[in-house]
Number of protein chains: 2
Amino acid sequence: MKGLLRPARRTTLADDVYESVRALVMDHAVAPGERINIDALARRLEVSPTPVREALARLESDGLVRKRPLVGYTAAPLLTRTEFDELVEMRLILETASARRVAERFAGQRTGGDTNSGDGGGEASAGLAGELAELRREAELPDQMPGTEGFAAIAAFTAQDARFHHLLAERSGNRMLHAAVVRLRAHLHLFRLHFPTAHYGTSAREHLRIVDAIGTGDPDAAGTAIRDHLLAAADRHLPFFQGNRCG
Amino acid sequence: MKGLLRPARRTTLADDVYESVRALVMDHAVAPGERINIDALARRLEVSPTPVREALARLESDGLVRKRPLVGYTAAPLLTRTEFDELVEMRLILETASARRVAERFAGQRTGGDTNSGDGGGEASAGLAGELAELRREAELPDQMPGTEGFAAIAAFTAQDARFHHLLAERSGNRMLHAAVVRLRAHLHLFRLHFPTAHYGTSAREHLRIVDAIGTGDPDAAGTAIRDHLLAAADRHLPFFQGNRCG
DNA sequence: ACGGCACCGTTCCTATAGGATCTTCGATCG
DNA sequence: CGATCGAAGATCCTATAGGAACGGTGCCGT
């Protein structure tokens, strides 16, 4: 129908729909637990129900939507207290390992390590220095964010926080680990949007401490730093479970 | 068409197709990297292409099939050496945490722990003892398997090994951790089927050592035991990477 | 008044047909 | 002889229509 405007598409319609619906859920354009009508969504996105169905199937694997057979899809409900605790534990497991791994890479480079890597020591060193600088830049950003308030500020802060943690996981060098961290992140994002909290300065300080520990090449210090950060962040979110019965 | 035979289906057709295709890939009914024709698959399963497409979308999220836009789906290619190493590292991260967690639960029960759990101490204790017995039973099974040879024996061994590790992850009490372990397992299963190896006795011994460590309630011992097991298992699979260029 | 039952609207689920795209094969030119 | 261009085949992707099941509502019986 309107495919004529993009003759050489590299991505299929279902992929676009996937991103759109994902954005819809992540931005709370559809409330948690709300029913998702396939036909209505198809009309809204101006596509046929088939690619919508395909996109929803993928989103269900990601845990962002839930499917009840012969009833329909619903947006993922908010995390219960138990699920929140499990999420925190998973983050501790994955991100501690991630931070340790990055620190180990720096330690290996610092002590000379093996020079038989194809890239050559100098370039690798420069690459690592660049990585550290990039991490530090992402860590510092929350502290420099404009003093905007309200929903947009929360969303921006959350996105920035996600960038830092994703970058850290990516730099672990383990793609599976990175993917696992990203997957978990979606749920926390939803939770944060529903219970807005932003501790710009605190978050930036803790992030910088993690980066510093990594820079020294000490896996234990890096692990401790990120562990403290995750636990502190969890504590900051904990009050929202008091006095709401959805947990 | 033939839905009349199951009037009160609790599962949709796409779910059945998902399981079927998953079994097809897991049993190497379709070779790794082989192209998957949607229409052909639909005819073979006697359904329309739509649910097949939906099932493939979910399988792609699981990493079992790959999709190239406007080209088609292909069965997941075999793990490269790099991916295998990453898989081993992920298993170390997840399953070590899992074993530690189970051991901690036993330690808490043994030392009396908190008695304010709603189930009551006695029942919880009996439950834990039952869990340990169940784990031990699963761990011992590989050593008692019939001396069958060939593909079926390999498949049976692999399935039994998977049951033990899945049960261990499930008993960690963290559903997300369990899901993550199960997800990783699929890839290892494919790899094993392509390079058949079975060390029944060795595997059973190592499993029992893990169970024993858990029974003592010592997280460090449990972590060490499963770490040794995973590393040993990885070493047993390593030779298959020598002299094949698909890595 | 309360529980069980039947009806109806809505929605999902499945099947089929047509348009667009990529791959492959063959012919042609340098 | 190799490379490039063009066309045919196969496949995927999308759109639309019809059948089946579930949830809600009103009625009836106890």
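The chains referred to below are lettered A, B, ... by the order of the sequence lines, with proteins before strands, and numbering in each begins at 1.
Here the side chain of A:Lys67 is nearest to one of D:dT14, D:dC13, C:dC13, namely C:dC13. Across C:dT14, D:dC13, D:dT14, the shortest atom-to-atom separation from the side chain of B:Ile38 is found for D:dC13.
Protein atom CD of B:Glu60 is 15 Å distant from nucleotide atom C1' of D:dC13, rounded to whole Å. Atom P of nucleotide C:dA15 and atom CD of B:Glu54 are separated by 12 Å, given to the nearest angstrom. Atom CG in A:Asp15 sits roughly 14 Å away from atom C1' in D:dT14 (whole-Å rounding). Between B:Glu46 atom CD and C:dT14 atom C1' the separation is 15 Å, expressed in whole Å. Following rounding to the nearest Å, B:Leu45 (CG) and C:dT14 (C1') show an atom-to-atom distance of 14 Å. Across the protein-nucleic acid pair, B:Leu13 atom CG and C:dC13 atom P stand 10 Å apart, rounded to whole Å. Rounded to an integer number of Å, the gap from A:Asp39 CG to D:dA15 P is 13 Å. We find that CG of B:Leu41 is positioned 14 Å from C1' of D:dC12, with the value rounded to whole Å.
The number of heavy-atom neighbours closer than 6.0 Å to CZ of B:Arg236, taken from other residues, nucleotides and ligands shown, is above 12.
Using a 4.0 Å cut-off between charged nitrogen and carboxylate oxygen, B:Asp39 and B:Arg43 do not count as a salt-bridge pair. A:Arg22 and A:Asp15 are not joined by a salt bridge, as no carboxylate oxygen comes within less than 4.0 angstrom of a charged side-chain nitrogen.
Using a 4.5 Å cut-off on side-chain heavy atoms (C-beta onward), B:Glu86 and B:Thr82 make contact.
Look at A:Asn37 and you'll find a side-chain N or O under 4.0 angstrom from OP1 or OP2 of C:dC12. Between B:Ser48 and C:dT14 there is no side-chain polar atom (N or O) within less than 4.0 angstrom of OP1 or OP2.
Nucleic acid contact class of A:Leu56 (heavy atoms, under 4.0 Å, all strands): none.
Toward the 5' end of DNA chain D, the nearer of the two residues A:Arg68 and B:Arg53, judged by each one's closest nucleotide, is B:Arg53. Comparing B:Thr50 and B:Arg35 by the nucleotide of DNA chain C that holds the closest heavy atom to each, the one mapping nearer the 5' end is B:Thr50.
B:Met90 and A:Leu94 make their closest contact through CE-CD2, 4.4 Å (heavy atoms, listed as atom of the first residue, atom of the second, distance).
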